[in-house]
Amino acid sequence: MSKAIYPGSFDPVTFGHLDIIGRSAKIVDELVVGVLVNSTKQPMFTIEERVEMLKHLTKDYSNVEIISFDGLLVDFAREEKADIIVRGLRAVTDFEYELQMAQTNHIMEKCVDTIFLTTSLKYSYLSSSIVKEVAWLHGDISQFVPAFVIDKIQEKIS
Ligand code: ADP
């Protein structure tokens with residue numbers, strides 16, 4: 001039985017994240033999307049709002065659970081009895097940091113391995129920061145996030 005954690009800030013969740021969730025949910029038996037309480041970033045959405053959006057958007061997946069966490073990812077993985085971490089790789093720029101994190105996590109917890117899914121080409125440019133930047137400037141974000149998320153973003157910026 002394989003159980004994986006897909007960690008991230010998801011502020012907000014984009015089509016790129018949902019693509020990784022859908023694809024990894026097919027690979028592992030159970031997938032926990034871990035929403036990081038990140039005190040160093042000033043988020044647009046509270047942790048509860050991010051969890052609620054993800055729950056709504058993944059309700060059709062029977063093997064996906066959304067849980068918030070803070071502290072070390074390997075501690076969260078241990079708590080959840082997960083032995084896999086899933087990360088998305090968009091470009092070479094993601095690689096160096098991701099490699100360092102994967103190796104660090106593996107040294108801290110030998111039982112945990114990181115697998116990387118390369119982004120679908122159509123989402124390779126996409127990040128939560130880009131979505132927020134375009135939204136603040138009143139641009140069209142319908143190709144980046146689902147309608148449900150657009151409504152939540154509009155509430156924040158209006
Ligand atoms: P973090 O702050 O941990 O990078 P994010 O919410 O930005 O959190 O991203 C979470 C994970 O999703 C990361 O592994 C990131 O590389 C991946 N990701 C983000 N955007 C995309 C995308 N457009 N396509 C594929 N993976 C993505």
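Indexing begins at 1, ligand by ligand and atom by atom, following the structure's order.
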For [X], is at least one N or O under 3.5 Å away from an N or O on ligand 1?
X: Gly8; value: no
X: Glu98; value: no
X: Ser127; value: no
X: Leu89; value: no
X: Tyr6; value: yes

Would you say the side chains of Ser142 and Asp140 form a donor-acceptor pair under 3.5 Å?
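Their side chains do contain a donor-acceptor pair, which is all the 3.5 Å distance test asks for.
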
Asp11 side chain to Ser128 side chain, donor-acceptor N/O pair below 3.5 angstrom
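Distance-only check fails for Asp11 and Ser128.
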
Students often mix this up, so state it plainly: with edges at 30° and 60°, are the rings of Phe69 and Phe76 parallel, tilted or perpendicular?
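It falls in the parallel class, under 30°.
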
Side chain, backbone, both or neither: which part of Leu126 comes within less than 4.0 Å of ligand 1 when only heavy atoms are counted?
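It is both backbone and side chain that touch ligand 1.
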
Using heavy atoms and a threshold below 4.0 Å, how should the contact between Tyr125 and ligand 1 be classified: side chain, backbone, both, or neither?
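Answer for Tyr125: neither.
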
What atoms of ligand 1 come closer than 4.0 angstrom to any heavy atom of [X]?
X: Phe10; value: 6 (O)
X: Pro7; value: 10 (C), 11 (C)
X: Tyr123; value: 22 (C), 23 (N), 24 (N)

Hey, is CD on Gln143 packed in by over 12 heavy atoms from elsewhere, all under 6.0 Å?
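For Gln143, atom CD is not crowded (no more than 12 foreign heavy atoms under 6.0 Å).
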
List the closest protein heavy-atom neighbour of [atom]: residue, atom name, distance to the nearest 0.1 Å.
atom: atom 16 (O) of ligand 1; value: Gly88 O, 2.6 Å
atom: atom 1 (P) of ligand 1; value: Ser9 OG, 3.8 Å
atom: atom 26 (N) of ligand 1; value: Ile20 CG1, 3.6 Å

My understanding is that we take every heavy atom of each candidate and find the minimum distance to atom 22 (C) of ligand 1. Doing that for Ser120, Gly16, Ala91, which one comes out nearest?
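Among Ser120, Gly16, Ala91, the closest heavy atom to atom 22 (C) of ligand 1 belongs to Gly16.
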
Please report the closest heavy-atom contact between Val131 and Thr14, naming both atoms and the distance.
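Heavy atoms only, the tightest pair is CG2-CG2, 3.8 Å.
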
Below 4.0 Å from ligand 1: does a non-hydrogen atom of Ser129 turn up there or not?
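Judged by the 4.0 Å heavy-atom criterion, Ser129 does not count as contacting ligand 1.
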
